[in-house]
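First the structure, in the form of structure tokens, and then the observations on it.
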Amino acid sequence: MSAANRGVVYKGPGQVAVESIPYPELALGNRKCDHGVILKVVTTNICGSDQHMVRGRTTAPSGLVLGHEITGLVAECGRDVEFIKPGDLVSVPFNIACGRCRNCKEGRTGICLNVNPSRPGAAYGYVDMGGWAGGQTEYVMVPYADFNLLKFPDADQAMEKIRDLTLLSDIFPTGFHGCVTAGVGPGSTVYIAGAGPVGLAAAVSAQLLGAACVIVGDMIEERLAQARSFGCETLDLTQEGDMADRIEEILGEREVDAFVDCVGFEAHACGCNHGKEAPATVLNSAMSLTRAGGQIGIPGLYVTEDPGAADDAAKQGALSMRFGLGWAKSHSFHTGQCPVMAYHRPLMQAILFGKVNIADAVNVQMITLDQAPKGYADFDGGAAKKFVIDPHGSVAA
Ligand SMILES: NC(=O)c1ccc[n+]([C@@H]2O[C@H](COP(=O)([O-])OP(=O)(O)OC[C@H]3O[C@@H](n4cnc5c(N)ncnc54)[C@H](O)[C@@H]3O)[C@@H](O)[C@H]2O)c1
Ligand SMILES: [Zn+2]
Ligand SMILES: [Zn+2]
């Protein structure tokens, strides 16, 4: 087996570089991973979650190999892998899960108890997420392979839809989970905060779940145009005006049934203050704009430490929320990592049977590994694109 590998490395705020890195081993430090496989990465996506680290808004150390959205070909199986075979084309849930702990047994794979000594839940290439190497690389190790991996039924057929299937590792399940936990169903009216890739994936998911009307809000016109391209209504939040009034113009009502926060802690204020950060603004809008008894899905990421926050409370993740309003309206809130495994198989089937065009909706843009630093910069600049790295040129071929 070749010993060469390259990957995207976080170098410090605003900087990533493509560097030579070690070829993966079936181990994490002293911990043996005979249950793992080594993948030849076919596609690996850049995520808004990576940007929190690259913007210096987390405690991520310099030298971290990035990437948690991975699709690959199995190159090598550990001794204890029983059902996954070399040559299988597989989607990797971004959550690392052991399949043995109480939470995994209950399907809560985003908060596995055995994969991160410092807190429940782990991911590849992410700060505080257990130290597992990232997958914006040529090769990566995936532990507990029989449990974690989703094998595509036919590799050739899958390569034809790889632009869509690559989104099963995170944003499609995440957007779908946001809608499910917001209670979206046939006939729902839905507000999606954020028209980044997760927001657009949530909007497609709301449509797939039968929503009557999906409204997407953001400050970036190009991203809102993307949402309109597949039938969403949009709110340009750089404009002045009460959000409830603007929702009433669209729905004839001032509240929605379901609200999904696809922004997180780096939220910006609306209207004339739209350049300024206001970390609780989406959560507060959720409570004012969701009907009494409604549900609020919060896939947008909130952190326990934010060294770049504007005030001391926010530096500890403490936000100024009008929680009493949510209480008065009997709202339900659902937070946390999406348990990808709960959704990836049915969403794969929806893609393979042509029921959904998720890649077009989020505007997938394929790039090479060497173009990753530019992909990060363009994405940070608000491009209405989901950047997908093709590290071996296998998709281009
Ligand atoms: N829970 C999970 O499992 C999970 C998985 C993937 C991503 N995430 C998180 O989801 C969030 C979105 O990810 P992404 O890749 O789409 O990121 P992104 O940064 O591309 O998108 C965020 C969008 O929110 C917009 N925005 C800022 N303030 C706003 C406001 N007040 N109202 C509406 N829109 C506003 C921004 O202009 C931007 O377009 C991130 O916080 C990411 O970390 C969570
Ligand atoms: Zn992601
Ligand atoms: Zn577990």
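We use all heavy atoms of the structure for the numbers below, so side chains are in, but hydrogens, waters and symmetry mates are not. Count residues from 1 along the sequence. Note that the structure is a prediction, hence the values are computed from the model and not measured. Atoms within each ligand, like the ligands themselves, are counted from 1 in listed order.
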Under 4.0 Å, heavy-atom basis, I'd like to know which part of [X] is in contact with ligand 1: side chain, backbone, both or neither.
X      : value
Arg223 : side chain
Phe379 : side chain
Leu237 : side chain
Glu266 : neither

Under 3.5 Å between any N/O of [X] and any N/O of ligand 1: does that happen in this structure?
X      : value
Gly48  : yes
Ile220 : no
Gly199 : no
Val198 : yes
Leu301 : yes

Protein residue, atom and distance nearest to [atom], heavy-atom basis:
atom                    : result
atom 10 (O) of ligand 1 : Gly300 CA, 3.7 Å
atom 31 (N) of ligand 1 : His268 O, 2.8 Å
atom 5 (C) of ligand 1  : Asp170 OD1, 3.1 Å
atom 12 (C) of ligand 1 : Cys262 O, 3.2 Å
atom 3 (O) of ligand 1  : Cys338 N, 2.8 Å
atom 8 (N) of ligand 1  : Ser49 OG, 3.5 Å
atom 44 (C) of ligand 1 : Pro299 O, 2.9 Å

Those atoms of ligand 1 less than 4.0 Å from some heavy atom in [X]:
X      : answer
Gly194 : 24 (O), 33 (C), 34 (N)
Phe94  : 3 (O)
Gly217 : 33 (C), 34 (N)
Gln337 : 1 (N), 2 (C), 3 (O)

Ignoring hydrogens and geometry, is there a side-chain-to-backbone donor-acceptor pair from Asp261 to Gly300 under 3.5 Å?
->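 Absent.
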Expected output: side-chain Asn148 to main-chain Ile96 donor-acceptor under 3.5 Å =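 Pair absent, no side-chain N/O of Asn148 close to backbone of Ile96.
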Work out which heavy atom in Val115 is nearest to a heavy atom in Cys98; give both atom names and the distance.
->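 Val115 and Cys98 have their closest heavy atoms at CG1-N, 4.2 Å.
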For the student: nearest non-hydrogen atoms of Gly375 and Ile367, plus distance |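 Residues Gly375 and Ile367, closest heavy atoms: CA-CD1, 4.3 Å.
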Gap separating the OG atom of Ser288 from the CG atom of Leu283, nearest 0.5 angstrom =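 Ser288 atom OG to Leu283 atom CG measures 11.0 Å (nearest 0.5 Å).
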What distance do Lys374 atom NZ and Phe387 atom CZ have between them, rounded to the nearest 0.5 Å?
->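 Those atoms lie 7.0 Å apart.
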Check ion pair Glu253-Arg291 (N to O, under 4.0 angstrom) =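 The answer is no: the pair does not qualify as a salt bridge.
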Any Lys/Arg nitrogen of Arg254 or Asp242 sitting under 4.0 Å from an Asp/Glu carboxylate oxygen of the other?
->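 Judged by the 4.0 Å cut-off on N to carboxylate O distance, Arg254 and Asp242 do form a salt bridge.
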Are Phe323 and Phe333 close enough that their ring centres sit under 6.0 Å apart?
->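 Yes, the ring of Phe323 comes within the 6.0 Å limit of the ring of Phe333, centre to centre.
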Can you check whether His35 and Phe147 have ring centres sitting under 6.0 Å from each other?
->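 Not under 6.0 Å, so no.
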Considering only heavy atoms, which of [options] lies nearest to [atom]?
atom                    : options                        : result
atom 39 (O) of ligand 1 : Asp218, Val303, Leu224         : Asp218
atom 19 (O) of ligand 1 : His68, Met53, Arg55            : Arg55
atom 35 (C) of ligand 1 : Val340, Ile298, Ile171, Val263 : Val263

Any idea how Phe259 and Tyr191 line up, ring-wise: parallel (<30°), tilted (30 to 60°), or perpendicular (>60°)?
->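 Tilted, since the angle between the ring planes falls between 30° and 60°.
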Can you label the angle between the Phe176 ring and the Tyr343 ring as parallel, tilted or perpendicular, going by 30° and 60°?
->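 Rings of Phe176 and Tyr343: perpendicular, as their planes differ by over 60°.
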Applying a strict 4.0 Å limit to heavy atoms, is His52 in contact with ligand 1?
->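 Judged by the 4.0 Å heavy-atom criterion, His52 does count as contacting ligand 1.
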Going by heavy atoms, is Ala269 under 4.0 Å from ligand 1?
->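 Contact absent.
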At the Zn ion (ligand 3): angle between Cys112 atom SG and Cys104 atom SG, to 10 degrees |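 My answer is 110°, to the nearest 10°.
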Angle subtended at the Zn ion (ligand 3) by SG of Cys101 and SG of Cys98, nearest 10° |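 Here the angle at the metal atom is close to 110°, to 10°.
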Do Asp50 and Gln136 meet the criterion of a side-chain donor-acceptor pair at a distance under 3.5 Å?
->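 Yes - a donor-acceptor pair under 3.5 Å links their side chains.
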Is there a donor in the side chain of Asn45 and an acceptor in the side chain of Thr166, or the other way round, less than 3.5 Å apart?
->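 Judged by distance alone, the side chains do pair up.
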Gln295 and His334: side chain to side chain donor-acceptor pair (under 3.5 Å), yes or no, with the steps?
-> CA-CA 8 Å; Gln295 293 172 217; His334 200 107; over 6 Å; no
Number of protein N/O/S atoms less than 2.8 Å from the Zn ion (ligand 2)?
->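 Every protein N, O or S atom under 2.8 Å from the Zn ion (ligand 2) counted, the figure is 4.
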